[in-house]
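Everything below concerns the one structure shown next.
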Amino acid sequence: MKIAFLVLPNMLTTSLSNAYELFFAAKQAAKMRRLPIAAEVELAKVATNLERLELPSGLSIRPDRSIDDVVFDIVYVPALWRNPEPIVRQNPEIVDWLKYQYQHGAIINGTGTGVCFIAETGVLDQRPATTHWHYLEKFAKRYPEVELKRQHFITSAGRLFCAGSINAQTDLNLHHVHRVFGKEIADHLSQHFSHEVRQPFDRLSFDQESNTNHPDETILQAQLWMENNFADHNVSIANLAKHLGLSQRSLNRRFRDATNLSPIKYLQSQRLNQARELLKHSNLSISEIAYRVGYLDVSYFSKLFRQFYSATPKAFRSSLRAKMFSSGET
């Protein structure tokens with residue numbers, strides 16, 4: 001597990017040190033508990049060169065390694081002081097490097113105005129993002145293809161995460177620590193690094209696939225109904241609208257306003273997420289999986305799955321199992 005912390009000119013040092021020191025503390029806590037993961041996690045401060053960088057705050061930092069073709073598992077992009085545009089413009093190699101990292105499987109995290117570096121790659125187009133409140137308007141104009149979520153401090157879309165502030169970044173960091181080191185380590189750090197009780201990540205973030213962080217209670221009921229009934233072959237949006245006492249047109253409008261998805265897209269995401277889990281963890285045939293998640297037409301199911309995950313169900317399962325065996329898992 002390799003984690004990169006980008007060192008950028010004009011960066012807000014806290015947005016790097018906050019993430020770096022949480023992961024460093026997680027490694028130490030795991031080491032004290034003699035967990036194997038402690039030795040597997042490598043932290044690296046990465047920049048375009050190895051020269052010591054003087055920052056606007058008067059602090060300085062020396063990177064550990066320069067950007068190259070090494071693929072990291074997680075990458076952190078720090079916030080920048082004031083207007084980020086000149087720094088983004090002056091560092092096209094960072095933009096290219098971030099795009100390379102994402103295309104090769106890295107999880108990319110941006111904080112505040114550092115999100116501009118991620119948006120510049122194009123990978124955030126048609127995906128949700130957030131940034132520092134002071135830069136919201138300029139961000140919206142510069143990156144009109146990005147779905148800016150002004151009311152959210154954290155957004156997630158697959159392997160892309162954005163935090164609008166340092167405080168929000170801490171919640172995001174703990175989410176990743178939980179994923180890497182487990183709940184015990186994450187809870188330990190939460191108690192020692194924060195005097196306040198931190199809210200769970202899934203309550204704070206806008207998630208592209210299953211957003212329930214909105215105030216429309218009727219649409220929350222619709223989402224819950226679909227989550228409980230997605231396997232029913234007779235599910236229809238017309239029946240759902242009738243169940244809720246809405247016209248189908250009103251349901252479509254309110255659902256899209258609340259979640260940024262149509263009801264049918266949300267239903268498809270519930271079905272295909274479950275199909276993905278069955279492909280990972282069961283030996284059921286493709287046709288059996290299609291049937292279990294609500295599809296009678298296997299070819300249609302396969303077509304939808306490919307649209308969502310850029311691979312057929314068969315190719316997805318083969319790729320996953322090849323990775324499992326190559327990594328020594330059983």
Side-chain angles (χ1 to χ4, degrees), residues 1-20 23 41-51 53 55 61 63-81 83-132 135 138-140 142-149 154-166 168-169 172-173 175-176 179-180 205 208 310:
M1 169 71 68
K2 294 183 174 65
I3 306 176
F5 303 85
L6 266 176
V7 177
L8 296 172
N10 223 45
M11 76 177 187
L12 184 63
T13 317
T14 315
S15 61
L16 181 145
S17 62
N18 180 52
Y20 188 96
F23 272 96
V41 175
E42 174 189 335
L43 309 180
K45 300 184 291 295
V46 180
T48 54
N49 59 65
L50 297 181
E51 295 178 6
L53 187 64
L55 299 167
I61 189 168
D64 301 315
R65 64 188 304 167
S66 58
I67 58 174
D68 50 29
D69 291 340
V70 172
V71 176
F72 289 86
D73 298 285
I74 302 176
V75 175
Y76 276 93
V77 184
L80 302 170
W81 285 93
N83 183 6
E85 293 180 19
I87 303 300
V88 174
R89 242 187 350 259
Q90 293 161 18
N91 291 273
E93 64 273 36
I94 293 291
V95 175
D96 293 340
W97 183 81
L98 284 171
K99 189 171 185 179
Y100 175 87
Q101 292 294 319
Y102 180 74
Q103 290 173 341
H104 288 77
I107 293 169
I108 309 293
N109 303 273
T111 301
T113 51
V115 173
C116 293
F117 268 103
I118 307 174
E120 199 72 21
T121 69
V123 301
L124 274 174
D125 289 356
Q126 283 75 56
R127 291 187 169 104
T130 191
T131 188
H132 189 273
Y135 197 69
K138 289 183 178 179
F139 186 97
R142 184 171 178 85
Y143 306 108
E145 297 302 314
V146 178
E147 297 175 6
L148 184 60
K149 300 300 175 184
I154 299 175
T155 62
S156 66
R159 291 180 285 108
L160 298 169
F161 295 84
C162 305
S165 68
I166 300 296
Q169 189 206 45
L172 178 55
N173 294 339
H175 169 70
H176 288 311
R179 291 176 62 255
V180 175
S205 66
Q208 186 182 39
S310 301

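Reckoned from all heavy atoms, side chains included, excluding hydrogens, waters and symmetry mates. Model, not experiment: these values are computed from the prediction.
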Just how far is it from atom NE2 of H132 to atom SG of C116, taken to the nearest 0.5 Å?
-> 12.0 Å
Where A140 and L148 come nearest, the two heavy atoms and their spacing = CB-CD2, 3.9 Å
Hey, are the side chains of I166 and S15 touching, using non-hydrogen atoms and a 4.5 Å cut-off?
-> yes
What's the verdict on side-chain contact (heavy atoms from CB on, under 4.5 Å) for F117 and L8, showing C-alpha distance, side-chain angles and the deciding distance?
-> CA-CA 11 Å; F117 268 103; L8 296 172; 3.6 Å; yes
Do the side chains of L6 and K45 get nearer than 4.5 Å, heavy atoms only?
-> no
Note: R127 and V123 closest approach over all heavy atoms is NH1-O, 2.6 Å
What residues, two or more places apart in sequence or in another chain, satisfy side-chain contact (heavy atoms from CB on, under 4.5 Å) together with D96?
-> none
Neighbour count above 12 (heavy atom, 6.0 Å) for E93 CD = yes
What are the two closest non-hydrogen atoms of A119 and V146, and how far apart are they?
-> CB-CG2, 4.4 Å
Closest non-hydrogen atom pair, A168 against G164 | CB-N, 4.3 Å
Kindly write out the residues that satisfy side-chain contact (heavy atoms from CB on, under 4.5 Å) with K2, not counting sequence neighbours, or none if the list is empty.
-> E42, V70, F72, D73
Kindly write out the residues that satisfy side-chain contact (heavy atoms from CB on, under 4.5 Å) with H176, not counting sequence neighbours, or none if the list is empty.
-> F23, Y76, I107, N109, F161, L172, R179
Does any non-hydrogen side-chain atom of N49 lie less than 4.5 Å from one of I67?
-> no
Do any pairs count as a salt bridge (charged side-chain N to carboxylate O under 4.0 Å, His left out) and have a residue in residues 108-126, sequence neighbours left out, and if so which ones?
-> E120-R142
Where do E147 and Q126 come nearest, in terms of heavy atoms and distance?
-> OE2-O, 3.3 Å
Does some side-chain heavy atom of L16 sit less than 4.5 Å from a side-chain heavy atom of V7?
-> yes
So, the side chain of R159 versus the backbone of Y102: is there a donor-acceptor pair under 3.5 Å, distance only?
-> yes
What do you reckon, is NZ of K99 surrounded by more than 12 foreign heavy atoms closer than 6.0 Å?
-> no
If you round to the nearest 0.5 Å, how far is CD of Q169 from CG of L12?
-> 9.5 Å
So, does N91 use its side chain to make a donor-acceptor pair with the main chain of I87 at under 3.5 Å?
-> yes
Non-neighbouring partners of F139 that pass ring-ring contact (aromatic ring centres under 6.0 Å, His included), sequence neighbours left out | Y143
When rounded to the nearest 0.5 Å, the distance separating CD1 of I3 from CZ of F5 is 5.5 Å
Walk me through it: do V115 and V77 pass the test side-chain contact (heavy atoms from CB on, under 4.5 Å)?
-> CA-CA 7 Å; V115 173; V77 184; over 6 Å; no
Has the side chain of T131 got a donor or acceptor atom that lies under 3.5 Å from a matching backbone atom of G112?
-> yes
Which value, rounded to the nearest 0.5 Å, describes the distance between C162 atom SG and I118 atom CD1?
-> 5.0 Å
Are any non-hydrogen side-chain atoms of W81 and L55 less than 4.5 angstrom apart?
-> no
Mind checking what makes side-chain hydrogen bond (donor to acceptor under 3.5 Å, both in side chains) contact with Q101, not counting sequence neighbours?
-> none
Starting at OG1 of T48, measure out to CG of L53 and round the result to the nearest 0.5 Å.
-> 8.5 Å
So V41 and V180, side-chain contact (heavy atoms from CB on, under 4.5 Å) or not? Walk me through it.
-> CA-CA 9 Å; V41 175; V180 175; 3.9 Å; yes
Side chain to side chain, W97 and V95, heavy atoms closer than 4.5 Å = no
